[in-house]
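Let me begin by presenting the structure, written as structure tokens, before commenting on it.
As the structure is a prediction and not an experimental result, all values here were calculated from the model.
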Amino acid sequence: MLNFALKYRPDRLSKIIGQKHILAEGTVLQKLILSNSLSHTFFYGPPGCGKTTLARIIASELQRPFYELNATTFKSEELRKIFKEYANALQKPLIFIDEVHRLSKNQQEVLLPFMENGSALIIGASTENPYFSLTSAMRSRSHLFKLNSINSNDMSNYLNKILELENIKASSEAKEYLVFSSSGDVRAMLNLLESASVVEEHITLKTLKQIRPHAMQAGSIESESHYELTSAMIKSIRGSDVDASIYYLARLIDGGEPAEFIARRLAILASEDIGNANPPALNLASSTLNIVKHIGYPEARISLSQLVIYLASSPKSNSAYMAINRALKAIENGEINPIPSHIKTHAKNYIYPHDFGGWVEQSYLIKNLQFYETNQIGFEKTLFEWQKKITSI
């Protein structure tokens, strides 16, 4: 007997849950698929949001043979064998590659000529944005679409449909936990439902928590979502309120929020809200993230508590955050300037600063641009004084 996730896998675009931003009638992706004009494409989004399902449906819509591979295990010879098999075929295959961000440069180079000559339609999927791991040649030959985690309302409606089809009863608390503890992952929700349905005829919250003691991603099944609790913790740390920060950390832990998720959010804060006002904050955040990956709860709560107290007590500056935002905005607005010839690779008129005691006056941009504005808070003041001293030699 097929498990629920396979049994109820959508087989048409109209049956896909969520993703209306890219699949609703009239959207670009929907038009490209239905008109058989889809180019090589990469999907990325969280687990259980429908990336593989969408690739299967595209293959079905386009009536193409479907091959499913994984970037971590497939070999180039395997690809070449598929391409050779369909060399003279009228209908070329659709090759789906999961975890596409793990493709090596050599594997990408093997794909390029086949992408170029249309030997197959390549569709990749990843839980991470693969843009930065793909070569420029791969990016120029493909499209990129983001899939979102399934929202609570869509998850709940889908759950009720499955309960009715399977004639399964569940308490309102159990339904709520099935949705929120799965954090937008439909597959995870169906797997939990299936396991619980074997244990008892009328599913209860107690049974679900025995199977899955903590939420997979979301930290609370209360009206205050894990996003609100996380936001409250971040804002409390930014506001240097240690006790409030610890309180919201405890709420997240008690709600089953994964330690690794909390540590990732704190690592972002260490750069965004503290930055060079206290550079060791990022080091401690990095160490904490590494530690909680290996030890987990309950001990991970101590490392997280230490980090939260340290971050809340640190001087705050968003100078680094603002600097990169200004630079990216300038580039987005067309500020694309050529590299000065004297600092290009192998330039003969480049002046080597170390020959002049560590600094020499020399331009590094074709025109003057300023993105970084220091607040001279904490260690930033020392950096400012160093910079001022260096450039006045």
Side-chain angles (χ1 to χ4, degrees), residues 28 39-42 44 100-101 103-109 111-113 115-116 124 126 128-146 238 267-283 285-286 315-393:
V28 171
S39 180
H40 308 297
T41 300
F42 297 101
Y44 73 101
V100 70
H101 64 282
L103 281 174
S104 69
K105 187 176 180 181
N106 288 339
Q107 289 172 325
Q108 293 185 47
E109 289 175 350
L111 283 169
L112 281 176
M115 293 174 71
E116 187 68 32
S126 173
E128 303 176 17
N129 187 338
Y131 182 86
F132 301 104
S133 60
L134 296 176
T135 63
S136 58
M138 289 281 282
R139 295 198 300 268
S140 70
R141 291 166 173 79
S142 58
H143 301 312
L144 183 69
F145 292 96
K146 180 182 180 181
R238 186 182 294 140
I268 295 169
L269 179 143
S271 283
E272 180 178 343
D273 294 300
I274 296 172
N276 287 323
N278 184 21
L282 184 58
N283 292 334
S286 176
K316 308 298 188 297
S317 172
N318 68 346
S319 295
Y321 170 74
M322 295 302 295
I324 189 61
N325 285 352
R326 292 188 189 105
L328 288 170
K329 186 66 176 177
I331 293 169
E332 181 184 328
N333 291 335
E335 192 68 67
I336 309 296
N337 299 308
I339 300 171
S341 59
H342 62 277
I343 62 170
K344 288 186 176 180
T345 307
H346 307 306
K348 294 182 179 179
N349 54 343
Y350 169 62
I351 305 174
Y352 193 53
H354 293 293
D355 290 341
F356 297 85
W359 183 83
V360 63
E361 189 168 353
Q362 180 175 221
S363 62
Y364 296 92
L365 286 170
I366 205 73
K367 67 177 183 180
N368 290 329
L369 297 170
Q370 183 178 353
F371 304 112
Y372 176 60
E373 296 178 4
T374 178
N375 295 316
Q376 297 189 51
I377 297 173
F379 193 72
E380 274 193 356
K381 184 175 182 180
T382 301
L383 292 176
F384 174 77
E385 291 170 351
W386 283 357
Q387 178 74 8
K388 189 173 180 181
K389 184 176 180 180
I390 290 169
T391 56
S392 63
I393 293 176

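- Pairs engaging residues 340-368 under the salt bridge (Lys or Arg N to Asp or Glu O under 4.0 Å) rule: E335-K367 [sequence neighbours left out].
- Scanning for side-chain hydrogen bond (donor to acceptor under 3.5 Å, both in side chains) contacts around N278 gives Y310, S314, with sequence neighbours left out.
- Proximity of Q362 to Y350: side-chain heavy atoms (C-beta onward) are separated by under 4.5 Å at one or more points.
- Among residues two or more places apart in sequence or in another chain, the ring-ring contact (aromatic ring centres under 6.0 Å, His included) test is passed with Y44 by none.
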Pair L134-Q108, side-chain contact (heavy atoms from CB on, under 4.5 Å): steps then yes or no: CA-CA 8 Å; L134 296 176; Q108 293 185 47; 3.8 Å; yes

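- The number of heavy atoms from other shown groups lying within 6.0 Å of OH (Y372) is above 12.
- Applying the salt bridge (Lys or Arg N to Asp or Glu O under 4.0 Å) test to every pair with at least one member in residues 129-141, sequence neighbours left out, gives these pairs: E116-R141.
- Minimum heavy-atom separation, L103 to Q107: CA-OE1, 3.4 Å.
- The two residues T374 and S319 come nearest to each other via the heavy atoms CA-OG, 3.9 Å.
- When all heavy atoms of A285 and A270 are compared, the pair lying nearest together is CB-CB, 4.0 Å.
- The nearest pair of heavy atoms linking P353 to V360 is CA-CG1, 4.1 Å.
- By the ring-ring contact (aromatic ring centres under 6.0 Å, His included) test, H354 is found to be paired with Y352, residues two or more places apart in sequence or in another chain being considered.
- For residues 371-386, the pairs satisfying salt bridge (Lys or Arg N to Asp or Glu O under 4.0 Å) are R326-E373, with sequence neighbours left out.
- Within a 6.0 Å radius of CD1 in I339, no more than 12 heavy atoms belonging to other residues, nucleotides or ligands are found.
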Test log, rule side-chain contact (heavy atoms from CB on, under 4.5 Å), inputs E272 and N318: CA-CA 6 Å; E272 180 178 343; N318 68 346; 5.6 Å; no

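- In this structure, Y364 and I343 approach most closely via the heavy-atom pair O-CD1, 3.6 Å.
- Smallest separation of non-hydrogen atoms from I366 and P340: N-CG, 3.9 Å.
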